[in-house]
**Student:** 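Here it is, the structure in full.
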Number of protein chains: 2
Amino acid sequence: MPTTDPSERRATIEDVAEAAGVSVATVSRALRDLPNVATSTRLRVEQFAQQLNYRADPNASRLAAGRSGAVAMAVPVFNSWYFSEIVAGAEAVFADAGYDVLISAIPGPHRRALFVSQTAYQRRADGIIMVDLAMGQGERDVLLRAGVPTVTTGAKSADFPGVIIDNVAVGRTAATHLAGLGHQRIALIAGQNEDPLHFTVPEDRQRGFERELEAREIFFDPSLEAAGNFSVAGGYEAMVGLLKLDHPPTAVFAMSDEMAFGAIQAAREYGLGVPEDLSIMGVDDHDLAAAFGLTTISQQVDHQGPLAARLLLALLDDHQPDELMVEVPTVLVERTTTGPPV
Amino acid sequence: MPTTDPSERRATIEDVAEAAGVSVATVSRALRDLPNVATSTRLRVEQFAQQLNYRADPNASRLAAGRSGAVAMAVPVFNSWYFSEIVAGAEAVFADAGYDVLISAIPGPHRRALFVSQTAYQRRADGIIMVDLAMGQGERDVLLRAGVPTVTTGAKSADFPGVIIDNVAVGRTAATHLAGLGHQRIALIAGQNEDPLHFTVPEDRQRGFERELEAREIFFDPSLEAAGNFSVAGGYEAMVGLLKLDHPPTAVFAMSDEMAFGAIQAAREYGLGVPEDLSIMGVDDHDLAAAFGLTTISQQVDHQGPLAARLLLALLDDHQPDELMVEVPTVLVERTTTGPPV
DNA sequence: AGGCCCACTGCAAGCGCTTACAATCAGGCC
DNA sequence: GGCCTGATTGTAAGCGCTTGCAGTGGGCCT
């Protein structure tokens with residue numbers, strides 16, 4: 001008397017083995033295209049597997065093989081153009097490579113630490129991508145000791161390969177563009193005042209920006225720096241604050257296009273013409289930058305996700321990638337929101 | 001002679017058991033807060049677990065328990081405001097509930113079928129959320145037979161619980177608003193001409209839109225329908241096409257804000273004032289709708305992800321949710337891109 | 001004091017797969 | 001024809017956890 005009617009449960013490797021008249025070991029090997037399986041056997045096994053709708057239980061194979069077949073991506077938030085673009089690009093590559101993709105939003109340092117220790121000690125994923133999430137020394141150590149292949153994005157890290165852009169150059173380019181147009185009072189809409197996650201990106205952009213102004217002997221008034229939180233609403237608020245100043249700026253460099261969009265909205269509501277009364281530029285070359293006519297600095301976001309993914313796949317395949325640090329070029333895209341001061 | 005220095009490998013449940021001087025069964029029970037464990041024992045086990053940095057291997061526990069501790073979300077694409085918002089909202093809820101979140105982009109019907117059969121036969125996930133992905137009968141059957149708890153979003157389905165909006169009403173609201181302002185030639189920027197995934201959402205919106213016009217005895221000229229592909233670029237192209245018409249529209253209803261943004265851009269480039277020369281409205285209440293001053297129909301996207309997630313969690317917890325179909329209200333948000341025709 | 005009940009805990013059998021190692025077998029060679 | 005070789009396949013021991021079932025012992029009742 002048979003235990004259970006196989007058609008009533010998911011097929012197991014044993015069902016396939018039985019059907020094909022071979023051992024489970026052979027089925028396992030055949031289905032994973034391992035060598036040392038006669039072609040005829042492989043074909044037969046594949047046929048029965050298909051017939052039975054058999055799929056290896058990932059949990060079982062992971063447990064046995066010690067690999068998880070999944071990668072994890074951690075991003076600060078999802079509902080932001082930049083991050084969803086990165087995730088989308090990487091996901092496509094991972095899906096093609098047969099990996100599952102786990103995602104995790106990291107609202108704060110506590111979650112980041114939790115994420116790191118979970119993936120490290122729990123091997124939920126074979127490798128991880130940290131998007132714009134600078135880790136502390138402790139977290140880096142955990143990952144390194146656990147030997148979890150890790151790729152970073154945005155924040156350059158000496159410990160892990162990653163795809164980066166030259167954020168100092170970004171700041172410099174912005175300052176060059178705006179100062180080149182003749183602006184003297186240039187405001188900066190940056191990230192958060194209190195940044196629990198310690199993004200390094202804003203710092204770098206700010207450094208480049210200030211240095212370039214300095215080099216041009218343009219005074220950067222600290223009151224012209226505002227926190228925009230990398231959101232549309234934040235950019236709006238920041239701009240409102242700047243416009244209330246006794247001596248408002250004639251140009252604004254927002255560290256992201258989304259903040260720039262908010263800034264444009266605020267300027268318009270104040271009855272200011274952009275760029276006649278106020279020049280505004282951003283960073284990213286957001287999907288909607290063209291619709292706003294926004295001058296911005298493109299960082300080819302659509303390339304970054306796939307690049308990071310391929311970097312990680314190389315690591316997982318255990319062959320060192322050609323270059324550990326991939327730098328994506330940035331380029332000024334001039335549109336119509338910047339112009340000379342009146 | 002000990003086998004391996006425990007500190008050199010990930011701690012296993014056995015290490016904890018040994019350290020705490022109990023059996024692995026007790027450790028397992030203690031750590032999962034099962035009943036029938038003395039409080040003192042539980043405490044001691046927890047302490048040692050923490051000390052050893054122990055985390056249950058998810059693959060092992062899933063294999064043994066037959067649950068995967070993960071949910072999968074399938075969306076058509078990630079880099080679209082609407083979808084990333086849904087994913088973000090749902091992920092937060094799942095993360096709080098201790099579930100891993102797998103994501104899958106579904107570029108076409110083939111991938112959709114693959115996704116369905118994988119989750120069904122491979123139990124990678126305990127449950128799934130299909131975002132705006134109408135399934136074919138075959139796929140629904142597979143899911144139902146396999147008993148995979150499933151929640152749908154956007155596309156109403158008789159077979160699965162879901163969160164929906166009244167898309168017919170959306171179309172009706174748009175027509176009412178625009179016709180109410182006095183427009184007679186109203187264009188429609190819809191989805192794709194050839195839609196391999198068979199979204200039902202655009203159909204419903206269109207139906208409501210046309211019906212309302214009909215009720216008002218306004219003729220809907222078929223040449224005023226254009227495909228905008230639910231993207232900014234698509235909306236732009238669609239608008240360009242409409243503006244080239246011999247008898248262009250005085251108002252446009254775009255089925256998504258992103259398409260509306262593209263349409264606005266096109267109108268501006270053509271030197272048309274919005275809304276003086278052309279009224280444009282969208283659907284979604286996108287983050288940037290306010291920045292564009294876009295009149296739109298809000299569908300409270302930020303609520304939809306969490307709602308869907310909670311629905312699925314209820315299913316996974318095996319207690320039928322209070323209501324299987326959650327309808328999120330839609331509401332017209334009037335801004336400055338619509339006005340009476342000149 | 002003897003029994004019974006119940007709260008805890010341990011035993012051990014898997015979960016479905018992978019993989020080192022052993023076994024088998026056909027072909028080729030001397 | 002016997003022996004060696006390499007290709008193929010089978011055997012079986014786990015992978016690390018969960019869980020049904022079987023103790024174990026203290027408290028309480030009669």
Side-chain angles (χ1 to χ4, degrees), chain A residues 3-4 6 8-46 48-49 52-70 118 121-124 126 146, chain B residues 3-4 6 8-46 48-49 52-70 98 118 121-124 126:
Chain A
T3 43
T4 326
E8 280 312 307
R9 27 176 204 78
R10 298 176 52 252
T12 72
I13 197 172
E14 208 162 338
D15 299 329
V16 179
E18 208 166 304
V22 294
S23 71
V24 294
T26 300
V27 174
S28 174
R29 285 188 282 250
L31 260 24
R32 281 178 304 140
D33 281 333
L34 292 188
N36 288 334
V37 176
T39 310
S40 61
T41 309
R42 188 188 309 278
L43 255 37
R44 197 150 40 83
V45 169
E46 279 169 356
F48 280 105
L52 294 175
N53 234 324
Y54 170 75
R55 250 99 172 176
D57 180 323
N59 297 318
S61 61
R62 286 164 191 187
L63 174 58
R67 283 171 288 93
S68 84
Q118 279 191 348
Y121 296 123
Q122 226 176 292
R123 46 179 194 161
R124 288 179 179 262
D126 295 334
Chain B
T3 43
T4 326
E8 280 311 307
R9 26 176 204 78
R10 299 176 51 252
T12 71
I13 197 172
E14 208 162 338
D15 298 330
V16 179
E18 206 165 305
V22 295
S23 71
V24 294
T26 301
V27 174
S28 174
R29 286 188 278 251
L31 259 25
R32 281 178 304 142
D33 281 332
L34 292 187
N36 289 333
V37 176
T39 310
S40 62
T41 309
R42 190 189 305 280
L43 255 35
R44 199 151 36 84
V45 168
E46 278 168 357
F48 280 105
L52 293 175
N53 232 324
Y54 170 74
R55 250 102 171 173
D57 180 322
N59 297 318
S61 59
R62 286 164 191 186
L63 175 59
R67 283 173 288 89
S68 85
Q118 279 190 350
Y121 296 123
Q122 228 175 290
R123 48 178 194 160
R124 289 179 177 262
D126 294 336

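Hydrogens, waters and symmetry mates play no part in the numbers below; they use all other heavy atoms, side chains included. So you know, we letter chains A, B, ... as the sequences are listed, proteins then strands, and number each from 1.
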**Student:** Find out whether A/R124 and A/Q118 are in side-chain contact, i.e. whether some heavy atom of one side chain is under 4.5 Å from a heavy atom of the other.
**Tutor:**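 A side-chain contact exists here, since the closest heavy-atom pair is under 4.5 Å.
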**Student:** Would you say that B/N53 contacts B/R10 through its side chain, given a criterion of any heavy-atom pair below 4.5 Å between the two side chains?
**Tutor:**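 Not in contact.
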**Student:** Just by distance, with hydrogens left out, do A/S28 and A/R32 show a side-chain donor and acceptor under 3.5 Å apart?
**Tutor:**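 There is such a pair between these side chains.
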**Student:** Would you mind telling me which residue lines up with the more 5' stretch of DNA chain C, A/R67 or A/L63, judged by nearest nucleotide?
**Tutor:**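 Taking each residue's closest nucleotide, the earlier one in sequence belongs to A/L63.
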**Student:** Once each nucleotide of nucleotides 5-13 of chain D is scored for protein heavy atoms under 4.0 Å, what B/S/- sequence comes out, 5' to 3'?
**Tutor:** ---BBBB--
**Student:** Before accepting this row, confirm whether a basic side-chain N of the pair A/D33/A/R42 lies closer than 4.0 Å to the acidic partner's carboxylate O.
**Tutor:**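 Here A/D33 pairs with A/R42 in a salt bridge, since their nearest N and O are under 4.0 Å apart.
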**Student:** Passes side-chain contact (heavy atoms from CB on, under 4.5 Å), A/Y54 versus A/D15? Steps please.
**Tutor:** CA-CA 9 Å; A/Y54 170 75; A/D15 299 329; over 6 Å; no
**Student:** Using side chain to side chain contact (heavy atoms under 4.5 Å, CB included) as the criterion, point out the one residue from B/I13, B/V37, B/L31 that pairs with B/V45.
**Tutor:**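 The residue from B/I13, B/V37, B/L31 that satisfies side chain to side chain contact (heavy atoms under 4.5 Å, CB included) with B/V45 turns out to be B/L31.
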**Student:** So, OP1 or OP2 of D/dC17: does either fall under 4.0 Å of a side-chain N or O from B/R32?
**Tutor:**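 No, B/R32 has no side-chain N/O under 4.0 Å of OP1/OP2 on D/dC17.
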**Student:** Which nucleotide of DNA chain C is the first, and which the last, in the 5' to 3' direction, to come under 4.0 Å of a heavy atom belonging to chain A?
**Tutor:**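 The protein-touched segment is C/dG16 to C/dA20.
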**Student:** Under 4.5 Å between any side-chain heavy atoms of A/E14 and A/V27, yes or no?
**Tutor:**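 A/E14 vs A/V27: side chains apart.
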**Student:** Name all residues meeting the side chain to side chain donor-acceptor pair (under 3.5 Å) criterion together with B/S61; count only those two or more places apart in sequence or in a different chain, and write none if there are none.
**Tutor:**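 Side chain to side chain donor-acceptor pair (under 3.5 Å) list for B/S61, sorted by chain: empty.
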